[in-house]
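Reviewing the structure listed below.
Letters go in sequence order (proteins before strands), and every chain restarts at 1. Atoms considered below: every heavy atom in the structure, side chains included; atoms not considered: hydrogens, waters and symmetry mates.
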Amino acid sequence: MFANPMILFIQVMNSFSLAMNLFIIAAGLTLIFGVLRIVNFAHGAFYMVGAYLALSILGVTGNSNLGFVLGVLGAGAAMGAMAFVVERVLLSQLYDKEHMLQLLFTFALVLVIKDVVKMIWGSGQYSISAPPFLRGAVNLGISPYPKYALFLCIAGPIIAVAIWFFMERTRWGRILRAAREDRVMLNALGTDVKLVYSGVFVAGAALAAMGGALAAPRSAVDPGMDALVIIDAFIIVIIGGLGSLLGSFIGALILGFLTVMGSIYLQEWAIVASYVMMVVILLVRPWGLFGKPDEERH
Amino acid sequence: MNYAKAMKSCAIALGAAAMATVAMAEDGPIKVGVILPMSGGSAYVGEGIFTGVELAVKQVNEAGGVLGRPLEILLRDEQLRPDVSTAAMRELITLEGVQHFIGPATSATSLANSQIAREEKVVNISPSAKTEALTAGENLHDYIFQLAPTTDVDGVRTVEVLKGIGTESICFTGFDYAYTHDWFAAVRANMGDIREAGAFLVPMNATDFSATITQLLSADCDTVIGTQFGGSFIAFIKQATPFGLFDSKTVLWGSNTGDHAVAAALGAELPAGLWASAADVWYYEGLESHAAYQEALADFQGRKETDMWPITGYNAVKFLAAAIDTAGTTDPTEVAAALDGLTIQTPLGEITIDPETNRANSPEFYGRFEPQDGSNAARMTDLRLVR
Amino acid sequence: MAFLEITDATKKFGGFLAINAVTFCVERGARHAIIGPNGAGKTTLFNLISGLILPTTGSITLEGKRLAKKKPHEIVQIGMARSFQKVNVFPRKTAFENVQVALIASRKLQYNPFRGAAELFRDEIMELLEQVKLGADSERRAGELAHGKQKQLELAVALAAEPKILLLDEPTAGMSIAETLSSIALIRDIVQERGITLLFTEHDMNVVFEIASTISVLHHGEIIATGLPQEIRVNDDVQRIYLGRE
Amino acid sequence: MTNRSQLAFLALLFLILLAVPFMGSRYLTELTVQVMIFSLLALSLNILVGHIGLVSFGHAAFFAIGGYATAFFLSRWQLPLGIAMPMAVLLASIFALMIGALCVRLKAIYFAMLTLAFSMLVWGIIIKWKPVTGGDDGFVGIALPQFLSSPQNFYWFTLAVVSISTALMWVLSKSTMGQIFVAIRENETRANFLGVNVRQMQLIGFVLAALFAAVAGSLMSMYLRGMYPQSAFWTQSGHIVISVLLGGVHSFVGPILGASLLYLLEVTIHQYTQYWPLVMGLILIIVVLVLPEGLIGLFRKLYTSVRRE
């Protein structure tokens, strides 16, 4: 069936662009877990809000290139601002409580956010189209390929590198890494831990929202969009290793390829492919591909 | 034994005094349980159907109600979960004494609720479920009525349209679930010498269709038919357009994607030439009754360009009201009997419920989307109301 | 054959040689101390013997049974109990329950979902608690006890398993002088009375010479001397390590 | 709460439950059946969460397996209930043994995620194995034994099964095994150095939790007259975790309170507004912020203040 290497090449491209789409969504989730140690169920809801915010911004700016950029950035900024309020007023009260309470809180947040979205935008479907410069296809020599998918293939690595640069090469990044390793030490260093936590939660939420805005031109903006994506984001973060950016990147690639190739070669059993993969990876490496084991016996 | 029946036999046994009490109790409104998806990705379906229900109930009540009693709606969210939808139905039966139900919207929830309807002997009109299983074989019983055309009917109608287009070879795509399999089976059974060039299904809940789109492009077929619906249909269109799928193939879609809501959401992104079907389109001008309905609906919703789902809820209420009227009582067994073979005038002409199969011969629109001057949303042209 | 034999045990963490070809024996009934400066590898050695970590090479036997591949719980069942340098109790359980859990485990009652635990082994538990001078604290939560008392509780918990050999890692760590003194006396009396072999690490030399019948000196992961207390006291290498500031 | 007050609570609850069918409301009777089943489900998860300290996000898998197996044995093989139900529970326990053996090797969040992956695998198989499970339409129409078709009889049956299960779990929680479970939650390493094979005990707990979840699933499938794939979906697992947390994990009766409140809230809010998720979400947020120990914390506070007076 796949004797044709050109079709296979296109499928590889498809896998990669899906992987990058997924990575952009998962990056914020892994960031929040890495520093705050919170499994954020509301991540999908933030993603959805991002898409709706971009929709509203584009409603004002019109469907221009600039409008699209503003839509993506504006969605991130607005979501970040809301996340700041939520973190300061509510979530911050739970940091020294049991992990499970934080989980319960983010779950409750999902319920609230989904209904608020429904109140504001209704339950109908909307669509955001790709900005004019990313509409249509480019000819890859063998076949047309959507410009927007190609754009995601480039945007994903850029975002990955940007986060990496921020984490590894800036002062703020060093503080964040310190926070990931040791909260007590961070306090001793005199850095305001509160600020770091707020910053991380805001950044994670903003990334989710921008992920929603960036994914919108390939999907619908509707009240079900969060449910479809959250489980994929979780799979990526878990198999990559919680808190590991590189792990999420690799995890996204694995899931992207598995989804595309699975639907071709596994066909009707593709539905369980990602879960089988997750089981296998966790059994071989219980802390994920790039996570750190908690302890060792050997 | 059924509660109402018990009440009745009691009443007869106890004589006139008791009869008066019962009559008093029966003076109140007739409760209609409406169970629809009101949250999550399919909420637009539930809200659409519910709008139609509300409009019809308003009209019925303004015209003096049924048997002189007004209809009262009790709405519950099915959440697309059979356990929730059955719990809601039981609650309405046991707590509110509801004996007439409209909904749920999807196949799985409708199948589940139908079992309760059978056991509790309450009337259950399914406005939108298309699955054969709902009224086939062992699942068919006296209290369940299916208004939407089933997948078998869709199969026949689809092939008719395909032959009209001149399809010679066909590819299938869609979510890997019951509706897809049923509809494709019906198309295959009827397509005669149209050649099948492959079926490319994606797992349920998938959000990325690029792999299948690539497969479809390289498959040797002139026509593609598919079943993604709602948001997933929109996603499919947006992903397939830049690949040029709609330039190289004729595409026909099921799952009521001819709905104006879909066209409005996609706007200019809806590819010209896409064939689709819908239970209703507001711009159809062939029938007086339809024009009157659309005027009322536009009035009710405050917008002229309405969606397709309201008509399913609207017709369900009209059937129920007519049946109660015919039966002369709200007793569900008698109402169910009245629904057998009942014909009513609907906005889309006469519709009859077959007394054998409990299925209605509801018509559907098939057409080809073309962009409209002066409007953002494309409309179906070559519009045909298929019965 | 000695009671506990450690032969050529080596543990590498990555490139770091934490324990290097350690060989020594503990005789039955001995009170054997492992001493050495901080970072010498005492706790790592304990973790190797008790099965918390696996040795890279080498063998460890108790009464001729090989321990090196066994899991901690299996080693406990052979007859070894240990305490930890950091207090390690069940904080939300009472002192009574802490000891009870140990008894349940040593009698293998953890597989019985029907046997009520409430008053089980009361007399035995109280006896053990009295022995470590915690009789009055039996109903207090372990996490709320003073540090010294938690250490005593750990001792009771370890004894509940009726071990043949008891490994105590820094039994007086973090104690005041008074606590240390009474604690030493307690440990010595109990092991003598019960005929338990004792292997312990300790930083306080007074404690070591008070209790130990044999001493091994660990330095940079190697045993540099083993002998009677009076021998160790005059050993040149030991003098150098402890007094010469290396 | 002390053992005595918890027992008193359970006894009182049992007496109230005995009276429910005589209150003349079929709605109340059926609602109580569901509340009992969800309480049993929450209690079963608490063996893992509260006792052993493992949070499973895949507990619904065993609820679903129990339900589907009961449906299948009753309807397809026409087995009598007395055989079908124990067989279904046994089957779920065997699955739990296999899945659990792999899961207990992992810790904390990774354990949670592996259980989640397995339950989604179960969900996928349910969706795809149409001849046995009915696929995405669900297993519709269960051949219920005649004596269970009346709501009253079903109530008594459910009450009996749930009460016996609850009693067994109570005995378990107070047993030597239960003590060891809690010891593992409190301090895994210490328990290990008392000679406890921690993983083996975790596995036993995992299987026991699955066993009672399967009992709940079995009852639910009969009550619903069908079983549906959503019952194995991760959201269902999340729902169980939330009931347990809402009630409070460190007491026996907490999960009963949590599951009951959650279900009753869902049902009643639902009757008043279509914005029920919003109301639920706000209530949960308030509980999290004000009652971090769950509802049982509220009871404890009330109890102490009453005693002080």
With a 6.0 Å cut-off (strictly less than), is the heavy-atom count around CZ of C/Arg66, excluding the residue itself, greater than 12?
no

Tell me the closest heavy-atom pair linking C/Ala105 and D/Leu194, and the distance in Å.
CB-O, 3.3 Å

Quick check: are there more than 12 heavy atoms from other residues, nucleotides or ligands sitting under 6.0 Å from CD of C/Glu130?
yes

Atom CD of D/Gln179 and atom CG of C/Leu109: how far apart are they, to the nearest 0.5 Å?
11.5 Å

Closest non-hydrogen contact found for D/Gly195 with C/His73 is C-CB, 3.5 Å

Choice from C/Val157, C/Ile75, C/Leu120 maximising heavy atom contacts with chain D below 4.5 Å:
C/Val157

Are more than 12 heavy atoms, taken from residues, nucleotides or ligands other than C/Lys149, located less than 6.0 Å from that residue's NZ atom?
no

Looking only at D/Ile204, D/Val182, D/Asn197, most heavy-atom pairs under 4.5 Å shared with chain C are made by D/Asn197

Distance in Å, C/Gln110 CD paired with D/Met177 CE, rounded so as to fall on 0.5 Å steps:
8.0 Å

To the closest 0.5 Å, what do you measure between CG (C/Asn88) and CG (D/Asn187)?
4.5 Å

Nearest heavy-atom pair of D/Ser175 and C/Phe114: which atoms, and what distance?
CB-N, 4.0 Å

Using a 4.5 angstrom heavy-atom cutoff, name the option from C/Pro91, C/Ala161, C/Ser83, C/Pro113 with the most pairs to chain D.
C/Pro113

About how many Å separate CZ of D/Phe193 and CD of C/Glu154, when rounded to the nearest 0.5 Å?
12.0 Å

So which of C/Tyr111, C/Phe90, C/Phe84 has the biggest tally of heavy-atom pairs under 4.5 Å with chain D?
C/Phe90

For C/Asn112 and D/Thr176, the nearest pair of non-hydrogen atoms, with its separation, is O-OG1, 3.0 Å

One option among C/Gln77, C/Arg107, C/Arg82 has the most heavy-atom pairs under 4.5 Å with chain D, and it is C/Arg82

Using heavy-atom distances under 4.5 Å, tell me whether C/Gln100 contacts chain D through its side chain, its backbone, both, or neither.
side chain

If you count heavy-atom pairs under 4.5 Å with chain C, which of D/Lys174, D/Met201, D/Glu186 comes out on top?
D/Glu186

Under 4.5 Å from any heavy atom of chain C, what part of D/Leu168 do you find: side chain, backbone, both or neither?
side chain

D/Ile180, part contacting chain C, at a heavy-atom distance under 4.5 Å:
side chain

